[in-house]
Amino acid sequence: MKLFEYEAKNILAKYKIPVPNGELATNPDQACELATKLKPPFVVKAQVLVAGRGKAGGIVFANSVAEVEKAAEKLLKMQIKGIAVKSVWIEEKIQIKKELYLGITTDRFNQSYVMIASSVGGMEIEEIASKTPEKIIRFPINSQNGFHSFHARQIARKMGYAGNQLSELGRIFEGLYHAGMDYDAELIEMNPLVETVDGKFVAADARTIVDDNALFRHPEYKNRLLEGESELTLQEVEAAKNDLAYVRLDGDIGVIGNGAGLVMATLDTIQYYGGKPANFLDVGGGAPAEKIAVALKIVLSDPNVKALFINILGGITRCDEVARGILEAKSKVGVTKPMVIRLVGTNEDEGKGILTEAKIPVLESMEDAAQQAVAISKQGGK
Amino acid sequence: MKLFEYEAKNILAKYKIPVPNGELATNPDQACELATKLKPPFVVKAQVLVAGRGKAGGIVFANSVAEVEKAAEKLLKMQIKGIAVKSVWIEEKIQIKKELYLGITTDRFNQSYVMIASSVGGMEIEEIASKTPEKIIRFPINSQNGFHSFHARQIARKMGYAGNQLSELGRIFEGLYHAGMDYDAELIEMNPLVETVDGKFVAADARTIVDDNALFRHPEYKNRLLEGESELTLQEVEAAKNDLAYVRLDGDIGVIGNGAGLVMATLDTIQYYGGKPANFLDVGGGAPAEKIAVALKIVLSDPNVKALFINILGGITRCDEVARGILEAKSKVGVTKPMVIRLVGTNEDEGKGILTEAKIPVLESMEDAAQQAVAISKQGGK
Amino acid sequence: MPIIIDEKTRAIVQGITGAQGSFHAKLMLEYGTKIVAGTSPGKGGTQVYGIPVYDTVEEAQEKHSANASIIFVPAPFAADAALEALENGIKNVVIITEHIPIRDAVNVMAYVEKVGATIIGPNTPGIITPGKSKLGIMPAHIFKSGSVGMVSRSGTLTYEIAASLTRKNLGQSTCLGLGGDPITGLNFIDALKMFEKDTETKAIVLIGEIGGNLEELTAEYVIREKYPKPVVAFVAGRSAPPGKRMGHAGAIIMGKAGTAETKIEKFRNAGVEVAEKPSDVAELLAKLVI
Amino acid sequence: MPIIIDEKTRAIVQGITGAQGSFHAKLMLEYGTKIVAGTSPGKGGTQVYGIPVYDTVEEAQEKHSANASIIFVPAPFAADAALEALENGIKNVVIITEHIPIRDAVNVMAYVEKVGATIIGPNTPGIITPGKSKLGIMPAHIFKSGSVGMVSRSGTLTYEIAASLTRKNLGQSTCLGLGGDPITGLNFIDALKMFEKDTETKAIVLIGEIGGNLEELTAEYVIREKYPKPVVAFVAGRSAPPGKRMGHAGAIIMGKAGTAETKIEKFRNAGVEVAEKPSDVAELLAKLVI
């Protein structure tokens, strides 16, 4: 779950990492009023969870409170990549000397968290990595030993700092580590972490992605996610509420499957045969009938969908539960689009039996089913 | 730093460990009012930090709110081992089936924390250890690996529990571990941890000693300590404020030294020669002159003191600073009692020089000095 | 000898009293796996399909000395279960549970590194040595004993491809799901090393997906070590748009790193055959092992 | 060869720019200790009595390859400094700092156990091999080279007794303060093992105090291992009332355990001579080593 910039910065501040003084406003009047608490010049930043906010005009500089009001007015009417701006963050502008990068993410290969630092910042870390790979410092963290302030100082030294600046960076890095661990961040970064003209350090922008699987430890965010206060579409919120992994795409074949790999391979196979998937929907392992029914409901609520391709290979998922879910959806939601169903694996015979009895045909080969779904979509869903 | 029972119980409750419902009152009216929130029968407990509260009459049972008022009135007028009772904790009485013991302390030999559990509780752990040593379970905690709920369940199993009770004890033990670590407890115990007649578990009494050296991480308690809201005498509070280790004893020779071992050996030597020390006062390592002066002031404020024995063996402590501290105390506080000074070690010559110039004699042997101090005290401080 | 598990493996099922745990304990027993005990805190003293259940792994070990464990414990408690198995001397642990927090998984792996053990998963279908033993949730009838080693990041996609191999009479030595999470125990390279030593395995199928750089590192390993056995790969997620999380934490692409394209290119450069669609794996393999 | 440090020891001083660190760095240098570098985060690039100062131990090690460290860093940061030394390959670490939280000390010791190193302290006067090297804050002039090994839980009491030994011409091989905290690195038994191997050491003085059960365990060790060298002990705190903390966390008695009486009794049962007052140690020792 992505956090808003202001949330990410509030977390940093809690760990004594310097962030610019700032205030959150949801309307221009409030923006105007709150700006008076701050020192000009200002930056007014749209609080949206999509990348590329700056290029889309979501960040506006303002020299006076009046300009803040104007900026807020403009931003709060904006949509950035289809997402309405509901709030703006007004903060004091920093006098930048240099932009650095600091983040913590996971390192699959070393099975650990890794701190990534660079004396070049302000652009996406992937861009830094490809433009100036020699400036990237990767510091694996041994979770048994922990990350201590001396580790932080060692990194600061490799970034070229010494003396008081090294000590100060050490404190900031250590703070970021504790913030990341305490908030179960799968990514926490300061980009840029700014060295100011007077040699201090300030986190000018901050990003945090909380591990979805750890949200049970962070009810404050879990609740916000479920209340729809996030970047998600209606279908995505509905999916999240039901523990379904749903991603909307731009095609016309609705896809439901179990297991991310299988669903991705299903999308790939549809594309291979010239079709276009409308979505990714993984019901996960061991989905009961009700969950299958909800999945169907979500996919069918997308008006672009012309055909439905259900691809289930049961392991922990039982085919009979899937079959019952399909019947439940048929009776409750009403399935008006043509369905192609492929169902094999655990309790396969029971599942097929249930569907066959209900006069719903079941296929065995994924490729055959994909080709059939593509054919139906090309005929406009008939 | 010892915490009050109600503080210790509040910590346990924060970690979801069941404690009896209770309220804190500082006068009988309040006790009466708060008791109405609870279900009778009640227990009213004096909140003092001395051991043996129960035997001294500091715990009173009450069947009605009126009886609570009476009990509070009585307790709040009491002194227990010389300490005035300032507050009482009123709680619902538990129906006890069995009393258990659970605590975490440090294990010097294994250099770790150790959880100590026993299916016998309600008396001091030392008493349990000597009466039923076979019932004591010692479970060393590896701080790198942590203490996990399965460890807790393993201990619960060794205590003879199974099924749901084992799971519930597991949760309680794990909670105690986290409470102990988060609060830097050098001792945290539930004694007794009660198994109730309906098979539940409740911490009927709780004790927590926070590591004094970690109080910088727990300003809420540090502040209370310095404000005198504790079991300490006036001298002890003054000592704590100045980072001096002071313990009042019942003799008449005031002792100041550097290093716990040396000061203890000084007390032992005084006793060996037939004298009685009035206190233990360790100025610690590297004490500056001001601290020495404060130490003198504290020891002299005890009216029982007839002679002063300053025993300094300088390592990190410098003899010249000690000498300057003695002169500072002489000029500011006025030293009316006879002093025996023994001063050797780091910067010994400078220190002796300063005192000799001020016409204060300095001895070299601890045994000689001790004998001299004992002799003076026996002559009534002349 | 196949890898990790065989007919001599003695396993416990942690979380045996849950719906999934009991269901799959029964299927594993039926398959012939030696399930010697189960654990479920609070349910000690009961039985599941004749398997004795204990409150703690410690007690199960005192009585049954297992050498493997399979975990069905719910996500918030699964890391604890894995540590319990490891601390009680079990050296092969399969974690079926999905949705384990990353931080918990990292802690388990750091402990594993210290004590030296093998973790499969989390979020894995498990491991099967067809005809001998199964520690997992895979539908057993799609597998067949033979000489193809399989290792995969994706559960159901493994079944898909295993079934197509079996249909073409290409049996398997051992099939192993690494798990779909960002932090897992065994990785492709570990599995390749084990398959290299296993005389029964003649060729390896490697099933990757978008996200991370394990496939890229594996391709480098194949080149560096001149890996001696033929490898056929499939990579899921060619059609996935970047920056979107696809179903589990493993399948997310950030910018250019971890796309299907880079992975496929790296594999091909390493001499690894890459299938276009799942059903092509069996065909490519048939040519290699003849 | 004496124990732990000798004339070849190359040491760094962590926290060298503080008042205590710089003062004692100078004294150690004057004593002949090879102090090759100092560290103090934020003070890198400066010098203290000609000793180069670095921000990190990593940098100091790159340039000076020390094999010992002595720590004067303030208590809240001292555990970090110890871990920094250990992680950068230093195997002998003396922690002078007092008032380190117990939890921090426990974490350091758990790491030490994993990597295998020697910690002296915290809250110790350090270690001195008279005439060769000193890593500590003890006044050097009271020591004298010889054949008595000393190990103590108390700093100033060590000086007291060492001085009385020196006055009686009983020189010391190595004198070692374990530190007065509840959690310390080396203990009496570790020191006895080292002194046993040291051919220069003919007898051992052991200075204990109330609190804990290290003295009791040591007495048991002496019996169990039939410890071959004579040991003389002194135990401080005979006059201490129970339940009162005496000066530092180490010196507290809880009930019956850890009193001077029980410790003295255990020692005497183990054939260890126990002195009545500090000055008696030298007399008992003189009889033993003649």
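These numbers come from the heavy atoms of this one structure, side chains and all, not from hydrogens, waters or symmetry mates. Just so it is clear: chains get the letters A, B, ... in the order the sequence lines come, proteins before strands, and each one is counted from 1.
- Using a 4.5 Å cut-off between heavy atoms, T346(B) contacts chain D through both its backbone and its side chain.
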Run M264(B) and R238(D) through side chain to side chain contact (heavy atoms under 4.5 Å, CB included) and show every step you take. CA-CA 8 Å; M264(B) 277 192 289; R238(D) 291 169 191 242; over 6 Å; no
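- K277(D) places none of its side-chain heavy atoms less than 4.5 Å from the side chain of D268(B).
- Taking each heavy atom of P182(D) and R108(B) in turn, the nearest pair found is O-CG, 2.9 Å.
- Around the OH atom of Y111(D), the shell of radius 6.0 Å holds more than 12 heavy atoms that belong to other residues, nucleotides or ligands.
- Looking at D243(B), neither its backbone nor its side chain comes within 4.5 Å of chain D, counting heavy atoms on both sides.
- With a 4.5 Å cut-off on non-hydrogen atoms, Q20(D) touches chain B through its side chain but not through its backbone.
- Put simply, of E367(B), K276(B), Q271(B), the one with the most heavy-atom pairs under 4.5 Å next to chain D is E367(B).
- Between D211(B) and I102(D), the shortest heavy-atom contact is OD2-N, 2.6 Å.
- When only modelled atom types and interatomic distance are considered, N258(B) and T156(D) share no side-chain donor-acceptor pair under 3.5 Å.
- For chain B, the nearby parts of N107(D) are the backbone and the side chain; heavy atoms of each come within less than 4.5 Å.
- Contact of T184(D) with chain B is made through the backbone alone, with heavy-atom distances under 4.5 Å.
- With a 4.5 Å cut-off on side-chain heavy atoms, Y159(D) and V344(B) do not count as touching.
- Closest approach of M366(B) to P278(D), counting heavy atoms only: CE-CG, 3.9 Å.
- The distance from the CD atom of E113(D) to the OG atom of S143(B) is 9.0 Å, given to the nearest 0.5 Å.
- Residue with the most contacts toward chain B among M109(D), E160(D), M138(D): E160(D) (heavy-atom pairs, distance under 4.5 Å).
- For the atom pair CD1 (I270(B)) and OG (S239(D)), the distance works out to 8.0 Å, reported to the nearest 0.5 Å.
- Top candidate by heavy-atom pairs under 4.5 Å with chain B, chosen from N213(D), I207(D), I142(D), D104(D), is D104(D).
- Of all heavy-atom pairs between A265(B) and L157(D), the closest is CB-CD1, 3.5 Å.
- Using a 4.5 Å cut-off between heavy atoms, F109(B) contacts chain D through both its backbone and its side chain.
- Using a 4.5 Å cut-off between heavy atoms, V235(D) touches chain B through its backbone atoms (N, CA, C, O) alone.
- Within the cation-pi definition used here (under 6.0 Å to the ring centroid, within 45° of the axis), R318(B) qualifies as a partner of F23(D).
- Residue Q144(B) comes nearest to A110(D) through the heavy atom pair CG-CB, 3.7 Å, listed as atom of the first residue, atom of the second, then distance.
- In this structure, no portion of I161(D) lies under 4.5 Å from any heavy atom of chain B.
- The CG atom of N110(B) lies 10.0 Å from the CG atom of N187(D); values are rounded to the nearest 0.5 Å.
- Chosen from L313(B), T317(B), V263(B), T106(B), the residue pairing most often with chain D at heavy-atom distances under 4.5 Å is L313(B).
- Of all the heavy atoms in I100(D) and N213(B), the pair that sits closest is O-ND2, 3.7 Å.
- Although no hydrogens or angles enter the test, the distance criterion places no donor-acceptor pair under 3.5 Å between the side chain of Q111(B) and the main chain of V106(D).
- The shortest distance between side-chain heavy atoms of R217(B) and P101(D) falls below 4.5 Å.
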